[in-house]
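These notes concern the structure reproduced below.
A note on names: the letters A, B, ... follow the listed sequences, proteins ahead of strands, and every chain is numbered from 1.
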Amino acid sequence: MKTNFVEELRWRNMLHDMTPGAEEILTSEMVTGYIGFDPTADSLGVGNLVQIMTLLHFQRAGHKPIALVGGATGMVGDPSGKSAERNLLDETTLRHNQNCQQAQLEKFLDFNCGENSASIVNNYDWFKEMSFLEFIRDVGKHITVNYMKAKDSVKKRLERGDGDDASEGMSFTEFTYQLVQGYDFYYLWKNKNVKLQMGGSDQWGNITTGTELIKRKDSGKAWALTTPLIKKSDGTKFGKTESGNIWLDPKRTSPYQFYQFWLNAFDDDAKNYIRIFTLKTKEEIEALEAEHALDPGQRKLQKALAADITARVHSPEAVDMAIEAAGILFGKGTIETLRKLSVEDMESVFEGVPSKVILRAELEAGIPLLELLADKTGFQESRGDARKLVQQNGFSLNKEKTTDIGLVVNTTHLLNDKFILLGQGKQKNFLVKID
RNA sequence: GGGGAGAUAGCCAAGUGGCCAACGGCAACAGACUGUAAAUCUGUCCUCUUACGAGUUCGAAGGUUCGAAUCCUUCUCUCCCCA
C-alpha cells in the first residue's frame, strides 16, 4: 500500500519547504529523487538518519530514491552552516568513507523491489573526467556570480558583522561548491530522469542552484524539497553528546550507547524524534504520548523510541542487551545482582560499555585507586581528574560509592574473579577485565 | 604592493609593568533534588600535589627590567579596506 509522501512528511513535522509544484508532481507520478551524503567520516551518524528516513518514506510512497555519495563534493567542502573554511580530505580517505557509508545505506532502503528500487550513485564518477575548462564553459557560464552571492550560505560568510567582528572570508573553492552540487542535480536530471532533490533546510540554496541550472541550461523543470533541521529543545546540536557524535557503526558507537542516546532524550524532543525516526503510525504515536503523559518518569516514549531505532539500526537482540545492561547499571543494580551474574552474562551485557583489560599479576600486587583510574585504564584523563572525581563523591567501585583516595585495589574487589566496575556520576560506567 | 585591525586557557572575552594561574560569560564535570530528565542551588574547572605548595602558561623567538600577558626587536598567522 502506498502512502502519500508529502502528507506523510507533513504530519511527522518533516517538511520544511518545497518549490512550487512539487506536491503536484509527487502525487501524480512516480518521481525519482535523491539526497546527497557527505563522505566526511566512514560512518553515517544519527544526524544523517533524518535524510535516510526521508528517502525511506519517499520509497514507501512508491517513488524511486537515489542516495548520492558525495565523492566529488566531499573534496570541495560545503560552506553551508560552517563559519570557517573546511579541511579537505584526501582521495583515499574519501574512497574508504564512501564504501562504508554505502554499506550502511543498503540496510535501510530496498534495492530490489522492481521499478522503484533504490540506487546509489557517486558524483565522483562524473566529475573525475571533467576538466576545469569544461566545467566553467558548460556549467559556470549559466549561473551568475550575483545569483551565487545571494545565497545565505555565501552571504553569511562574506558579510561583515555589524562593525566589530570581522567575517571569516571564504575561498574560491567553497564559493564554487553550490555550482558543483548544482551540476549533480543537472547531471542526474539529464541522465537518470531525476526530478527532485531533497535535503536538510540548510541545503535549500544548493538545491535551488541545481533547479536554476536545469532551467537555464536546458529549460528543464525540477523541484526541491527540504526537511527541518533538528534542534534539541535546549538549543544544542542534535546527534552529539559530550563524548562526541552518535554513529550508526557499532564499532564507533556501541548499540548500548546508541540505545542510551535515545533513552536520554528530553520529553519534548522524544515526541519530535518518534515521528521522525520511527515508522510508527500516527495512532500508535498518540497512544504512546498519552501513556507517557500519565507518568513521565517511566519514560515510555523514550523507551519505545530507543527500542525501535536501535532494533532497526542494529538488531532486536541488541535492544534486549541494551535493556538488560541498563537494568543492571541503573536499576536496583546493587553489588549483589552484579555478583550473581555469570562471566558470560557480564561479557555480553556489558559489551557496549567501555572497557580495558589489565593483567592479573598487576592487580595481585595491588593498584592504587588513582593510578587504576588514570594510568591503567584511561577511564579518567589524569590522576588529577580521578582525584577530583573521587573527592567529590562522584566515583563508585562496583556500584558502591567511595571517597577513599588512598584505596588500593586488589583481587578482593573482583566480581566473578574477573571484573571490576568503575562508575563516574550516574551515567558513566567502565569495565575493567582481568586477564 | 599600500593602509588598518587583531592573535589571552575548550569557546567567547577582560586585563596594557608587580595586587595575574590571569575578572566575567558559555560549555564541561561532580553533588543535592529528580525520572539514568529539565529547571534550580552548591562545588570543581592549566599540570602535579592529602595539604602547605611547586611547575609550566597569555601566537613564536629573542631582549629591557629586581619583576612582563602587559615595554622593545624580529618572525608567523588571521581578517578588513585600497591597488
Side-chain angles (χ1 to χ4, degrees), chain A residues 82-87 156-171 174 231-237 240-244 256-274 288-289 291-307 310 322-334 337 349-350 352-354 368-371 373-375 378-397 399-408 421-430:
Chain A
K82 307 284 190 314
S83 54
E85 181 88 10
R86 291 215 331 206
N87 296 323
K156 278 191 189 123
R157 287 278 292 276
L158 295 181
E159 244 168 30
R160 290 193 70 166
D162 269 344
D164 41 15
D165 55 338
S167 83
E168 279 276 332
M170 173 180 219
S171 67
E174 282 196 357
K231 274 231 206 89
K232 291 204 290 179
S233 51
D234 64 359
T236 57
K237 199 169 181 231
K240 292 207 169 193
T241 63
E242 53 284 0
S243 43
Y256 164 76
Q257 288 163 329
F258 189 83
Y259 179 89
Q260 284 288 322
F261 169 76
W262 298 102
L263 188 70
N264 281 312
F266 303 141
D267 292 10
D268 288 349
D269 291 334
K271 290 178 189 167
N272 200 7
Y273 297 166
I274 202 158
L288 270 169
E289 282 176 347
E291 212 181 324
H292 181 266
L294 290 176
D295 186 0
Q298 285 294 309
R299 285 187 294 176
K300 288 257 168 62
L301 205 50
Q302 281 92 335
K303 284 177 182 166
L305 174 71
T310 309
I323 293 174
E324 203 182 334
I328 291 163
L329 293 174
F330 299 109
K332 305 235 159 42
T334 58
T337 43
V349 162
F350 293 139
V353 177
L369 183 57
L370 299 186
E371 200 177 310
L373 296 184
D375 311 47
F379 177 50
Q380 295 296 309
E381 289 278 326
S382 65
R383 292 192 196 185
D385 282 346
R387 176 178 305 108
K388 277 169 206 155
L389 179 71
V390 176
Q391 281 174 336
Q392 287 182 128
N393 193 28
F395 172 73
S396 60
L397 181 69
K399 301 301 291 180
E400 284 178 336
K401 284 278 171 88
T402 177
T403 51
D404 180 7
I405 317 188
L407 184 70
V408 175
L421 186 65
L422 309 176
Q424 171 183 355
K426 283 177 195 162
Q427 296 197 354
K428 287 184 198 151
N429 294 286
F430 191 99

Item to check | Sugar-phosphate, base or nothing in reach of A:Lys401, heavy atoms under 4.0 Å | outcome: sugar-phosphate

Checklist entry - Do A:Gln427 and A:Gln260 come within less than 4.5 Å of each other through their side chains, counting heavy atoms only? => result no

Item to check | Pairwise distance CG(A:Leu329) to NZ(A:Lys428) - rounded to 0.5 angstrom | outcome: 14.5 Å

Next on the checklist: Checking base pairs now: Watson-Crick or wobble, both atom distances under 3.5 Å. What partners B:C26?
Outcome noted: B:G10

Checklist entry - Do the non-hydrogen side-chain atoms of A:Glu289 and A:Lys271 ever get within less than 4.5 Å of each other? => result yes

Checklist entry - Would a 4.5 Å heavy-atom cut-off, applied to side chains only, mark A:Leu305 and A:Leu288 as touching? => result no

Next on the checklist: Looking at B:U57, which nucleotide sits across from it as a Watson-Crick or G-U wobble partner, both distances under 3.5 angstrom, or is there none?
Outcome noted: none

I'd like a list of close polar pairs between nucleotides 41-50 of chain B and the protein, N/O only, cut-off under 3.5 Å.
residue: B:G43; atom: N2; partner: A:Gln392; partner atom: OE1; Å: 3.0
residue: B:G43; atom: N3; partner: A:Gln392; partner atom: OE1; Å: 3.4
residue: B:C48; atom: OP1; partner: A:Ser382; partner atom: OG; Å: 3.2
residue: B:U49; atom: OP2; partner: A:Arg387; partner atom: NH1; Å: 2.9
residue: B:U49; atom: OP2; partner: A:Arg387; partner atom: NH2; Å: 2.6
residue: B:U50; atom: OP2; partner: A:Arg387; partner atom: NH2; Å: 3.2

Item to check | Flag side-chain contact, heavy atom, 4.5 Å: A:Phe430 against A:Leu373 | outcome: no

Item to check | Base-pairing assignment for B:C52 (Watson-Crick or G-U wobble, both under 3.5 Å) | outcome: none

Checklist entry - What interatomic distance, in whole Å, is found between C1' of B:G67 and the corresponding atom of B:G18? => result 6 Å

Checklist entry - How far does the P atom of B:C11 sit from the matching atom of B:G62, given to the nearest Å? => result 25 Å

Checklist entry - When rounded to the nearest Å, what value does the distance between P atoms of B:G55 and B:A69 take? => result 15 Å

Checklist entry - Given the P atoms of B:C45 and B:C23, what is the spacing between them in whole Å? => result 12 Å

Next on the checklist: Give me the distance, rounded to whole Å, that separates B:A83 from B:A28 when you measure between the P atoms they each carry.
Outcome noted: 47 Å

Checklist entry - Between A:Leu301 and A:Tyr273, is any pair of side-chain heavy atoms under 4.5 Å apart? => result no

Next on the checklist: Do A:Leu397 and A:Phe395 make a side-chain contact, defined as non-hydrogen atoms from C-beta onward lying under 4.5 Å apart?
Outcome noted: yes

Item to check | Rounded C1' spacing from B:C19 to B:C81 in Å | outcome: 42 Å

Checklist entry - In whole Å, what separates the P atom of B:U76 from that of B:G15? => result 29 Å

Checklist entry - Out of curiosity, A:Asn429 CG to A:Ser396 OG, how far, rounded to the nearest 0.5 Å? => result 7.0 Å

Checklist outcome for this item: Note: for A:Gln298 and A:Gly425 on RNA chain B, the residue whose nearest nucleotide lies more 5' is A:Gly425

Checklist entry - When you match A:Gln302 and A:Gln424 each to their closest nucleotide on RNA chain B, which lands nearer the 5' end? => result A:Gln424

Checklist entry - Watson-Crick or G-U wobble partner for B:C71, using a 3.5 Å limit on both distances? => result B:G63

Item to check | Same-atom distance (P) from B:G31 to B:A38, integer angstrom | outcome: 13 Å

Next on the checklist: Suppose the criterion is side-chain hydrogen bond (donor to acceptor under 3.5 Å, both in side chains): which pairs have a residue in residues 381-395 of chain A, not counting sequence neighbours?
Outcome noted: A:Asp375-A:Arg383

Item to check | Counterpart base for B:U36, defined by Watson-Crick or G-U wobble contacts under 3.5 Å | outcome: none

Checklist entry - Is A:Leu369 close to A:Asp404 at the side-chain level, that is, under 4.5 Å between some pair of heavy atoms? => result no

Show me the protein contacts with nucleotides 36-38 of chain B, counting only N or O atoms at under 3.5 Å.
residue: B:U36; atom: O2'; partner: A:Gln427; partner atom: NE2; Å: 2.7
residue: B:U36; atom: O2; partner: A:Gln260; partner atom: OE1; Å: 3.2
residue: B:U36; atom: N3; partner: A:Gln260; partner atom: OE1; Å: 2.9
residue: B:U36; atom: N3; partner: A:Gln260; partner atom: NE2; Å: 3.4
residue: B:U36; atom: O4; partner: A:Gln260; partner atom: NE2; Å: 3.2
residue: B:A37; atom: OP1; partner: A:Gln427; partner atom: NE2; Å: 3.0

